[in-house]
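Computed over heavy atoms, backbone and side chain alike; hydrogens, waters and symmetry mates excluded. The chain is numbered in sequence order, starting from 1. Order of listing sets the numbers, starting from 1, for every ligand and every atom in it. Computed from a predicted structure; not experimentally measured.
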Amino acid sequence: MANRKLVAGNWKMHGTADSIAEIVRIAAAVPAGVDVALCLPATLIERAARAVPGFAIGGQDVHGEAKGAFTGDLAAHQLHDAGARLVIVGHSERRDGHRESDGQVRAKAISAMAAALDVILCVGESFAEREAGRAVATVSAQLDASLPPAAPDAVAYEPIWAIGTGRIPSLEDIGEMHSALRGRLVALYGEAGVAVRLLYGGSVKPSNAAEIFGVADVDGALVGGASLTAADFLPIVVAAANS
Ligand code: PEP
């Protein structure tokens with residue numbers, strides 16, 4: 001049986017108090033048959049969780065330690081306390097911009113799951129790696145080194161060169177990668193690896209969502225820019241619900 005699809009928005013460093021109205025608009029229009037979440041800046045998590053009870057609000061990063069002297073960081077239990085139900089770990093903007101290693105991403109996933117947060121663990125190759133024919137090998141190695149001992153809720157395949165650029169891999173390339181990742185997940189977790197939701201992320205829009213959701217082993221999407229407004233995000237959610 002296919003996994004229930006998950007469409008998660010990643011708001012990155014966007015949104016202030018006046019964005020709550022947009023979050024309410026999105027939460028109010030979610031159709032049946034699909035899971036939807038918004039991963040918000042930390043400053044909005046508690047306000048959003050109160051504004052849309054029952055709708056999944058998430059964080060975008062978490063520290064690998066449960067507590068300690070880590071100025072500016074957030075622990076998993078603090079995110080949970082603020083009302084988050086899930087968190088993204090290993091986004092390429094963290095791996096590249098903050099030099100996060102696979103080991104740190106793994107520690108973050110473990111820490112989040114210990115605090116009862118669902119995890120979306122991101123992996124993805126650079127354009128040079130894809131051009132060199134090393135995309136599947138690179139992403140598989142990244143996955144192996146980043147996965148926690150217990151299966152996370154979701155893994156997001158996000159080619160770095162597709163994020164925010166308007167470019168996406170061919171549907172064949174997405175299918176090839178998702179099939180390879182499914183193989184690794186099953187090898188590591190057995191049956192539980194079948195239930196890990198494999199999201200595609202990178203320039204998903206209303207115009208390309210349906211065809212991406214039609215690819216085997218695509219169980220949803222991680223959406224950046226197009227998740228900021230109900231007008232862009234809801235058609236993607238509907239495409240997932242109808243797929
Ligand atoms: C992302 O940030 O995870 C992402 C996929 O961004 P975008 O949809 O804007 O490419």
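Around the CZ atom of R167, the shell of radius 6.0 Å holds more than 12 heavy atoms that belong to other residues, nucleotides or ligands.
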Are there any protein N or O atoms under 3.5 Å from the N or O atoms of ligand 1? List them with distances, or say none.
{"residue": "ligand 1", "atom": "2 (O)", "partner": "N10", "partner atom": "ND2", "Å": "3.3"}
{"residue": "ligand 1", "atom": "2 (O)", "partner": "K12", "partner atom": "NZ", "Å": "2.6"}
{"residue": "ligand 1", "atom": "2 (O)", "partner": "H91", "partner atom": "NE2", "Å": "3.0"}
{"residue": "ligand 1", "atom": "3 (O)", "partner": "H91", "partner atom": "NE2", "Å": "2.9"}
{"residue": "ligand 1", "atom": "3 (O)", "partner": "E158", "partner atom": "OE1", "Å": "3.1"}
{"residue": "ligand 1", "atom": "3 (O)", "partner": "E158", "partner atom": "OE2", "Å": "2.7"}
{"residue": "ligand 1", "atom": "6 (O)", "partner": "G224", "partner atom": "N", "Å": "3.4"}
{"residue": "ligand 1", "atom": "8 (O)", "partner": "G224", "partner atom": "N", "Å": "2.8"}
{"residue": "ligand 1", "atom": "9 (O)", "partner": "G225", "partner atom": "N", "Å": "2.9"}
{"residue": "ligand 1", "atom": "10 (O)", "partner": "G164", "partner atom": "N", "Å": "2.6"}
{"residue": "ligand 1", "atom": "10 (O)", "partner": "S203", "partner atom": "N", "Å": "2.8"}

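Salt-bridge annotation for R197 and D153: present, with a side-chain N of the basic residue lying under 4.0 Å from a carboxylate O of the acidic one.
Screening residues 95-132 for ring-ring contact (aromatic ring centres under 6.0 Å, His included) gives F127-W161 as the qualifying pairs, with residues at least two apart or on separate chains.
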*Take E158 and H91 through the test side chain to side chain donor-acceptor pair (under 3.5 Å) and record every step on the way to the result.*
CA-CA 8 Å; E158 296 212 305; H91 193 283; 3.2 Å; yes
Taking only distance into account, with no hydrogens and no angle test, what donor-acceptor pairs under 3.5 Å do side-chain atoms of residues 181-194 form with protein atoms, sequence neighbours excluded?
{"residue": "R182", "atom": "NE", "partner": "D217", "partner atom": "OD1", "Å": "2.8"}
{"residue": "R182", "atom": "NH1", "partner": "G193", "partner atom": "O", "Å": "2.8"}
{"residue": "R182", "atom": "NH1", "partner": "V194", "partner atom": "O", "Å": "3.3"}
{"residue": "R182", "atom": "NH1", "partner": "V196", "partner atom": "O", "Å": "2.7"}
{"residue": "R182", "atom": "NH2", "partner": "V196", "partner atom": "O", "Å": "3.3"}
{"residue": "R182", "atom": "NH2", "partner": "D217", "partner atom": "OD1", "Å": "3.2"}
{"residue": "R182", "atom": "NH2", "partner": "D219", "partner atom": "OD2", "Å": "2.7"}
{"residue": "R184", "atom": "NE", "partner": "D144", "partner atom": "OD1", "Å": "3.2"}
{"residue": "R184", "atom": "NE", "partner": "D144", "partner atom": "OD2", "Å": "3.3"}
{"residue": "R184", "atom": "NH2", "partner": "D144", "partner atom": "OD2", "Å": "2.3"}
{"residue": "Y189", "atom": "OH", "partner": "P148", "partner atom": "O", "Å": "2.6"}

Extract all donor-acceptor atom pairs below 3.5 Å that involve side chains of residues 133-142 and protein atoms in other chains or at least two apart in sequence.
{"residue": "T138", "atom": "OG1", "partner": "R134", "partner atom": "O", "Å": "2.6"}
{"residue": "S140", "atom": "OG", "partner": "V136", "partner atom": "O", "Å": "2.7"}
{"residue": "Q142", "atom": "OE1", "partner": "G124", "partner atom": "N", "Å": "2.8"}

